Amino acid sequence: PINTNLSFKNQGGFAKAVELCNGSGLCRKRTGGTMCPSYMVTLDEQDTTRARANMLRSVIEGTLPPEELTGRRMKEVMDLCVGCKACKTECPSSVDVASMKTEVLYQTGREHGFSMRQKAAGHIRRQLAFASLFPSLYNTVAGMRLARRAAGLAGIDPRRSLPRVAKETFSKRFPELPQGAGPVEVALFNDTWNEYQRPEVGEGAVRLFAAAGARVHLPEVVCCGRPMLSEGLVDEARKNARRNLDLLMPLIERGVPLVGLEPSCILTMRDDYGKLLPDDGRVEKLADATRLFEEALLELDRDLPLRDGEPVLLHGHCHQKALVGTGPTERLLGRAADVEVVDSGCCGMAGLFGYEKGHYEASMQMGERRLFPAVRGAGERVVVAPGTSCREQIMDGTERLALHPAEYLASLLDGQETVG
Ligand code: SF4
Ligand code: SF4
């Protein structure tokens, strides 16, 4: 048996989790939903959910030697899995290949070492925190061709624009923002992208919560661990999960909901911490307290002073679609605008997947399948996408600025200038 670092006990262990695949091949569908983005663009059996489960089954059953778990063939089969979690929901047997890929990356890294790119990507919060100490200088350098070439040496595709940082972090802006009178309270999970790249998102969310009468806390947190899990850095992700539990439990124990702006971050806490810390009783309490920003605002059930806005074209984040659905986002945006949801599948960026050398073409094909044409045809409509990497992909593929729902709705609050 394979000694896994992630816990698969909810599925009866790793072997059982793999054996869930019954081979029916629904993961070979070419349109509709999200599973499986890689097959939808390559139409190659190797890039199906089933092929990945089959490869693992062969190692577990001994048809392939144990070293194949971390070998070249496994790497090839897993390579284009974007970790979208769609199979967890759309596959009739709920085969969770995203978690299996994390485990394979962990086993491979332990065996052969983790690359510089993997370590840098896993610790992206640290890199952006450092860059934000001198934002103007960093942004100038990041815009240079030389910087892209240098990033290329570290495994980043040079056709991608490098991430920029905001002039001022969200936590610096936060004390100046309005607060509701209470007594309702919410705690905002200050994700990496909100803190260092787009604090306007958090600012919009706080203004909306204030308009709904809520007091917003901004507890100290560390990275949720999602970038680490995507790179197989399971031990590091576990360390962060434990730290976040230590930091957040005092608020959670008081019944304060934990609100996330970036779907993949807050849903990592809801969906993945149990695989990292299966015996920690706090994990379930934290999971129960997590809310997407849209879920939390709807739950408050207050009228918001919103003007009518331009119609919206909405692209949902894969993890949101797999674990929650786009319903809450549609309902919240629907208070101010007509909303059309694109059946876009995965945008193709999938965290840092689309940045990696060797993934650029597949990543752009995934975007080009449905999302990019829909955005190009959006006309006057405002393009909204809750996911940071989705918004970056939309910019790279169509040069259209996409907004987080909090940014768009906050711009429709009385007294605010409309954006979009
Ligand atoms: S992964 Fe799911 S959908 Fe694909 S063949 Fe296996 S059981 Fe069927
Ligand atoms: S996580 Fe997404 S990309 Fe990976 S196998 Fe499942 S559906 Fe396919």
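Counting starts at 1 for both ligands and their atoms, following the listed order. Since the structure is predicted, the reported quantities are computational estimates derived from the model, not experimental observations.
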- Shell of protein N/O/S atoms around atom 8 (Fe) of ligand 2, taken as anything under 2.8 Å: C36 SG
Mind listing the side-chain donor-acceptor pairs of residues 151-158 below 3.5 Å, one per line with the distance, residues two or more places apart or on another chain?
from	atom 1	to	atom 2	distance (Å)
D157	OD1	R159	N	2.8
D157	OD1	R159	NE	3.0
D157	OD2	R159	NH2	2.9

- Query: Counting from 1, what ligand 2 atoms have a heavy atom of K85 closer than 4.0 Å?
  - Reply: 1 (S)
- Task: Would you check if there is a donor-acceptor pair between the side chains of Q393 and S363 at a distance under 3.5 Å?
- Result: yes
- May I ask you to say whether K85 pairs ionically with D272, meaning some side-chain N is under 4.0 Å from a carboxylate O? yes
- Query: In Å, rounded to the nearest 0.5 Å, how long is the span from CD of E185 to NE2 of H217?
  - Reply: 3.5 Å
- Do any pairs count as a salt bridge (Lys or Arg N to Asp or Glu O under 4.0 Å) and have a residue in residues 309-338, sequence neighbours left out, and if so which ones? none
- For Y360, the ring-ring contact (aromatic ring centres under 6.0 Å, His included) test, sequence neighbours excluded, returns none
